Amino acid sequence: MLGESACTVEDAEEYFNLYMHAIKAIGESADINDCFKSQGVSIKLSSLHSRYEFSQFGNIAEELRAKLLELCHEAKKYNISLCIDAEESERLEMSLVLFEQLRLDESLSEWEGLGLAVQAYQKRALSVLDFVEDVAIRSKHKVMVRLVKGAYWDSEIKRTQELGLIGYPVFTRKSHTDVCYLACAQKLLSKENHFYPCFGTHNAYTFATIIELADKNHPGFEFQRLHGMGKSLYDYAISELATSINCRIYAPVGKHSDLLPYLIRRLLENGANSSFVNQVNDSDVKIEELVSDPLEKVKSLEYEPHPSIPLPRDIFGEERKNSLGMDISDSIAVSQFANDIREFSEKKWQVGPIIDGESFLDSAEFTEVVNPAHLENVIGEVSSATSAHALNALEIAHSAFTKWQNVSAEERAKCLEKAADLLEERMKELIYILIVEAGKILSDAIAEVREAIDFLRYYAMIAKNELNDWKKLSGPTGEDNFIFFEGRGVFLCISPWNFPLAIFIGQVSAALAAGNAVLAKPAEQTPIIAYEAVKILHEAGIPKNVLHLIPGDGWYLGKTLVPDNRISGVAFTGSTQTAQIINRMLASRDGPIVPLIAETGGLNAMIVDSSALLEQVTKDVLISAFRSGGQRCSALRVLFIQEDIAEKQVKMICNAAQELKIGDPIQLSTDIGPIIDKASIDMLTKHTEKISRDEDSNLLFKVPMDTNSYNGYFFPPYIYEIQKISQLKQEVFGPILHIIRFNKSQLNEVISDINNTGYGLTFSLQSRVQSQIALISKKISVGNVYINRNQIGAAVGTQPFGGRGLSGTGPKAGGPNYLQRFSIEKVVSVNTTACGGNIKLACLD
Ligand SMILES: NC(=O)c1ccc[n+]([C@@H]2O[C@H](COP(=O)([O-])OP(=O)(O)OC[C@H]3O[C@@H](n4cnc5c(N)ncnc54)[C@H](O)[C@@H]3O)[C@@H](O)[C@H]2O)c1
Ligand SMILES: N[C@@H](CCC=O)C(=O)O
């Protein structure tokens with residue numbers, strides 16, 4: 001049965017009913033009482049629950065088991081088979097748990113039609129068969145195992161690289177998968193009391209090997225081919241070679257709209273160069289090559305993994321390592337993490353200014369730092385910097401600057417690389433602090449630590465490549481011209497609370513890499529993580545007199561430092577309003593004019609045209625608008641949907657939003673953690689009150705939330721329909737999505753309206769029309785354009801990040817031109833003829 005994963009409860013119900021209908025229809029037409037011989041149904045668990053994700057498994061397993069049991073009872077009634085299809089590797093553990101529960105369920109005894117698909121491209125394939133065999137033995141039932149090579153290979157590779165995991169869950173070479181397939185086949189055939197093997201293959205070599213491997217007296221197995229594929233192979237093989245062999249046709253059944261993604265996966269799988277189906281039709285491929293033994297091929301390989309698919313840690317080549325991630329769909333990794341962070345739960349941090357390496361912790365001045373998800377939980381105390389601290393730090397930094405500037409970029413880069421390694425070592429504590437101090441959910445906290453590490457390694461690399469040496473310039477003979485980058489002086493780095501580690505480290509490390517001394521001013525809400533970060537940077541070798549931490553009130557410290565001429569540049573990330581205040585303060589200084597690098601807010605839009613895939617849009621909208629509680633500058637604020645699909649699309653988005661879990665960010669199942677503080681809650685409440693009074697707007701949905709069960713700053717996602725983006729005067733920083741319907745003829749007007757907001761940070765387009773994609777990407781005036789994906793989570797070095805207009809000055813953070821803005825250029829011209837003539841010319845023949 002065709003079914004991509006369900007987006008909503010309604011989808012899942014519909015798929016359930018369709019499966020039930022199919023089982024009945026097939027069952028009633030069955031003319032033989034043998035589940036191995038009659039027709040069967042194959043189902044995808046992700047189509048039976050919209051949250052079939054490891055993080056949600058604790059909440060949904062029972063519901064899913066009950067649904068599956070119902071389907072199995074129906075299949076048992078007719079004695080037909082029901083196969084649990086294989087999906088992405090992060091879902092494998094869940095499928096096995098459910099399979100085991102079903103197979104051991106007494107009510108299904110005497111029915112052997114329960115099947116499971118096993119993917120040979122998974123490195124775990126043979127272990128999965130061991131597990132299934134064990135279940136077969138314990139349940140005293142044979143299990144139908146559909147052995148396939150696997151259909152999600154490309155996305156498995158991409159996901160693993162993105163997550164920075166140690167290794168791939170799948171083989172990187174086709175020949176390894178082929179060998180694994182044969183090893184699995186051998187195992188399946190040799191355990192004839194426990195397995196009824198079903199071989200899904202269109203490969204003549206695999207087919208022939210299985211026929212050779214199978215004992216002549218094997219009690220039963222079958223081949224399976226896809227409808228429309230491999231017909232000539234099987235027609236020939238069954239009529240000429242193995243007349244007693246069964247071949248089942250695996251036919252996708254479903255609605256037209258569900259067909260496309262399935263067909264594309266199949267086309268990619270079978271159209272791949274290494275696929276037998278592709279090669280058999282290629283007259284250039286010799287028959288010996290086509291039927292070569294994969295084991296021989298594997299044995300002949302010098303370097304076993306595919307050389308074009310580096311390990312996830314190595315995707316950026318020799319120059320920088322990808323940050324190490326954590327797989328939170330791996331039950332062992334998750335419970336290990338839960339165990340490891342226990343030691344921090346009792347810890348109370350005490351933090352304050354760090355000046356010249358000394359911490360100033362004035363207990364009389366301490367204010368509490370509170371977990372925004374549990375206001376009763378005081379996680380630490382901070383003593384804020386006074387203006388005396390700030391000016392003292394400035395004085396020391398100013399004196400230390402020249403020496404630091406003269407340290408080679410290579411040496412400076414080494415300190416950043418060391419800091420990256422230390423961050424990786426202490427990842428768990430940093431993740432924990434991000435959860436309890438900034439209210440980050442686990443996946444966001446992991447991503448944030450990784451982003452900080454990537455910033456450090458990326459800027460170290462740029463510093464070594466771009467800032468280390470004089471660059472010779474071309475010119476007339478008789479002189480040498482060189483250009484060189486130098487540090488500017490003392491940089492004031494002011495960061496926000498929403499990326500209190502990544503943005504904090506990003507700004508500070510860029511300024512340091514470029515040879516500046518730094519005063520780091522973290523947001524008031526998140527001093528603890530900043531304190532830990534500065535300690536790590538010092539430990540990594542950044543001189544203590546070069547980097548200072550001055551936590552405290554932004555307005556007060558800004559007023560103290562920004563007007564001081566010893567500040568040679570400001571790197572600021574935060575609201576547009578604060579950036580403007582700093583800009584004015586800098587402009588009114590009498591001294592040198594210095595750079596302000598400002599990264600600010602956005603009124604980010606997404607346009608969805610009628611060609612877009614509804615399910616994909618739904619997932620991307622929920623991530624873009626509500627991930628991190630909408631507290632990202634990149635978050636989606638205004639969604640434009642073409643009228644023709646608006647009704648269905650809006651309904652799907654609202655229904656899917658219903659499934660979002662608001663709660664304690666330390667729980668793996670939480671999608672949306674707290675809002676940062678009371679002031680933000682008040683601002684969001686004010687916005688909802690104002691917009692509710694507006695005649696041109698309409699509340700479409702509000703995610704249900706039981707306010708009594710929390711003692712934290714929680715605010716549920718809201719979805720409003722409005723008429724014009726101009727109804728929003730400024731960024732609303734939280735989980736509030738505004739939807740506008742548009743007529744196709746108004747597309748140009750929509751683009752102008754978005755551009756006219758004056759902001760220009762992120763934008764996403766959902767369309768399958770190439771000309772539309774090219775046109776809109778060109779016309780839209782923003783810093784980061786995303787096509788057919790969500791619009792958050794820019795990756796360092798891959799998606800350099802930053803906006804224009806009211807959204808920022810540029811250059812892009814995590815981009816190749818960022819460090820240069822923290823530097824100043826010097827050109828040296830040497831008259832090489834000054835002492836006695838032009839030797840170069842004189843030496844010519
Ligand atoms: N474009 C980006 O890359 C990006 C990234 C993250 C956050 N943001 C933006 O940041 C905002 C959320 O962060 P926030 O609430 O912490 O922003 P904010 O402007 O209130 O504060 C940011 C920082 O500025 C300091 N500050 C405040 N007033 C100051 C002053 N007068 N002088 C000097 N410093 C001052 C604060 O203490 C804090 O450290 C949102 O608008 C978001 O869009 C932008
Ligand atoms: N760089 C982050 C956003 C930073 C602002 O909050 C992203 O791409 O989501």
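Fair warning: this is a prediction, and the values are worked out from it, not measured in the lab. Order of appearance sets the numbers: ligands from 1, and atoms from 1 within every ligand.
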N or O contact, Arg632 vs ligand 1, cut-off under 3.5 Å: no

Does even one non-hydrogen atom of Ala813 get within less than 4.0 Å of ligand 1? no

Quick one, Glu524 and Asp553 - any side-chain contact, counting heavy atoms below 4.5 Å? yes

Are any of the N/O atoms in Lys521 less than 3.5 Å from those in ligand 1? yes

Among all protein heavy atoms in this structure, tell me which lies nearest to atom 4 (C) of ligand 2, with the distance rounded to 0.1 Å. Cys633 SG, 3.1 Å

I need the atoms of ligand 1 closer than 4.0 Å to a non-hydrogen atom of Asn498, numbered in the order shown. 6 (C), 7 (C)

I'd like to know if atom 21 (O) of ligand 1 has any protein heavy atom within a distance of less than 4.0 Å. no

Give the atoms of ligand 1, by number and element, whose distance to some non-hydrogen atom of Ala523 is under 4.0 Å. 38 (C), 39 (O)

With heavy atoms of Gly601 as the reference, note each atom of ligand 1 found under 4.0 Å away. 43 (O)

Against the six-membered ring of Phe572, is Lys521 placed for a cation-pi contact (under 6.0 Å from the centre, within 45° of the normal)? no

If the cut-off is 4.0 Å to any non-hydrogen atom of Pro496, which atoms of ligand 1 fall inside it? 6 (C), 7 (C), 13 (O), 16 (O)

Can Phe499 be said to touch ligand 1, with heavy atoms closer than 4.0 Å? no

Please list the nearest protein heavy atom to atom 8 (O) of ligand 2 with its residue and the distance rounded to 0.1 Å. Ala794 N, 2.9 Å

Atom indices of ligand 1 within 4.0 angstrom of Ile494 heavy atoms, with elements: 23 (C), 24 (O), 25 (C), 33 (C), 34 (N), 39 (O)

Answer with yes or no whether the side chains of Arg804 and Ser781 bring together a donor and an acceptor at under 3.5 Å. yes

Those atoms of ligand 1 less than 4.0 Å from some heavy atom in Pro522: 39 (O)

Element-labelled atoms of ligand 1 that are located less than 4.0 Å from some non-hydrogen atom of Gly558: 32 (N), 33 (C)

